[in-house]
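Remarks on the structure that follows.
Note that the coordinates shown come from a computational prediction; the quantities given were computed from them, not determined experimentally.
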Amino acid sequence: MPSTDLLLAFLLTTIMFAFLPGPAMLYTAAQTIARGRRSGLMAALGIQIGGYVHVVAAAAGLSALFHAVPVLYAIVKFAGAAYLVFLGLRLFFRKPEAGSEPARPAAQDGRRAFFESVSVEALNPKTALFFLAFLPQFVDAAATLPIWAQLLILGTIVNLIFSLADVVCVLLAGLVVTRLRRSGRAQRLMQRAGGAVLVGLGVNLALHRS
C-alpha cells in the first residue's frame with residue numbers, strides 16, 4: 001500500500017472533496033425534500049452502490065475508454081442526463097400520496113429512490129472520470145499490492161467517505177422536511193422543488209463539457 005504520508009494526504013483530500021457541496025449532495029437533498037428522509041437515505045445508498053461500478057471500472061482500466069472514445073462518453077452522459085430529467089419531471093408532476101397507509105408509500109418511495117439512484121450514478125461518466133483522475137495520484141507502484149488492488153481499495157474508501165457526506169446532507173435536509181411536512185401545501189412545494197433540482201442536475205450534466 002502507499003506510504004503513511006501518501007495515505008494521510010489521500011484521506012484529507014477525499015474528506016475535503018466529499019464535504020464540498022456537489023451534485024450528489026443536491027440529488028440526495030432533493031430526494032429528501034420531495035419524498036422524505038427514508039427516501040433520501042435510500043438514495044444515498046443507491047449512489048454508493050452505483051459508485052462501485054466506477055470503482056471497479058477504474059481498477060480494471062475501463063474508465064480510460066471515456067477518454068479514448070469520446071462518443072462513448074457522450075452517449076453515457078446524455079443517457080444519464082435524460083434519465084435525471086425524466087425522474088425530475090415525474091416527481092414534479094406526481095400527484096400527492098393520499099390514503100390511510102402512509103408507511104406503505106414511504107417504503108415504496110424508498111425502494112424507488114434506491115433503484116433510481118443506482119442507475120443515476122452508474123450512468124454518470126463524470127464520476128468515472130473523477131476516479132480516473134483522482135485515484136492514480138495516490139497509487140504506489142513499488143508497493144506489494146498490485147496497482148489494480150490499490151485502486152480498488154482507494155476507490156472503496158472514497159466511495160464510503162462520499163456516502164457519509166451524503167448521509168449528513170440527508171439528515172440535515174430531513175430536519176427541515178419534518179417541520180414543513182405538517183402543511184399539505186408545503187409538502188407539495190417540496191415535491192416540486194425536489195423535481196426541479198433533479199431536472200436542473202440533468203441539464204447541467206448534459207451541458208457539461210468533458
Side-chain angles (χ1 to χ4, degrees), residues 1-32 40-70 72-74 76-77 80-81 84 114 117-175 197 200-201 204-205 207-210:
M1 283 294 288
S3 66
T4 302
D5 290 342
L6 194 59
L7 281 176
L8 182 59
F10 163 73
L11 289 173
L12 291 176
T13 306
T14 299
I15 292 171
M16 181 186 71
F17 275 125
F19 285 90
L20 283 175
M25 280 191 177
L26 283 174
Y27 177 84
T28 51
Q31 290 283 1
T32 305
L41 291 172
M42 293 300 288
L45 178 60
I47 289 177
Q48 183 188 40
I49 300 301
Y52 287 119
V53 173
H54 299 294
V55 172
V56 173
L62 298 178
S63 297
L65 286 174
F66 285 130
H67 275 308
V69 187
L72 178 62
Y73 175 87
V76 175
K77 180 181 74 169
L84 270 172
F114 171 76
S117 302
V118 172
S119 301
V120 164
E121 185 67 1
L123 289 173
N124 188 356
K126 291 169 66 176
T127 303
L129 293 181
F130 169 77
F131 281 118
L132 183 64
F134 182 69
L135 295 181
Q137 301 178 57
F138 304 98
V139 167
D140 185 356
T144 55
L145 279 177
I147 290 178
W148 68 265
Q150 294 182 56
L151 289 172
L152 196 62
I153 293 171
L154 294 174
T156 300
I157 294 172
V158 169
N159 208 26
L160 289 171
I161 293 175
F162 270 71
S163 293
L164 175 61
D166 291 340
V167 168
V168 171
C169 182
V170 168
L171 295 178
L172 292 176
L175 294 176
V197 170
L201 288 173
N204 179 68
L205 177 58
L207 297 178
H208 179 267
R209 295 184 179 181
S210 58

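- The shortest heavy-atom contact between L26 and V197 is O-CG1, 3.8 Å.
- Summarising the geometry, atom CG belonging to N159 is positioned 7.5 Å from atom CD belonging to E121; distances are rounded to the nearest 0.5 Å.
- Going from atom CD1 of I47 over to atom CD of Q31 covers 8.0 Å, rounded to the nearest 0.5 Å.
- The shortest side-chain heavy-atom distance between D166 and Y27 does not fall under the 4.5 Å cut-off.
- When all heavy atoms of V167 and A44 are compared, the pair lying nearest together is CG2-CB, 4.3 Å.
- Annotation for L201 and P23: closest pair CD1-O, 3.8 Å, computed over non-hydrogen atoms.
- Between T14 and I157 there is no side-chain heavy-atom pair separated by less than 4.5 Å.
- The 12-atom threshold is exceeded at CZ of F134, counting heavy atoms of other residues, nucleotides or ligands nearer than 6.0 Å.
- Here the straight-line distance linking atom CG of L129 with atom CG of N124 works out to 9.0 Å at 0.5 Å rounding.
- Put simply, the side chain of L154 does not reach to within 4.5 Å of the side chain of V158, judged on heavy atoms.
- The shortest heavy-atom contact between C169 and A29 is SG-CB, 3.9 Å.
- Expressed to the nearest 0.5 Å, how far CD1 of I15 lies from CZ of F10 amounts to 9.5 Å.
- Distance CE/M25 to CZ/F19: 6.0 Å, rounded to 0.5 Å.
- A 4.5 Å side-chain heavy-atom check between T156 and Y52 finds at least one atom pair inside the cut-off.
- I49 CD1 to M42 CE: the interatomic distance, rounded to the nearest 0.5 Å, is 10.0 Å.
- The two residues P125 and V76 have their closest heavy-atom pair at CD-CG1, 3.9 Å.
- Residues V55 and L135 form no side-chain contact, since every pair of their non-hydrogen atoms from C-beta on lies 4.5 Å or further apart.
- Put simply, the side chain of L145 reaches to within 4.5 Å of the side chain of I153, judged on heavy atoms.
- The aromatic rings of F17 and F130 lie perpendicular to each other, with more than 60° between the two planes, well past the 30° mark.
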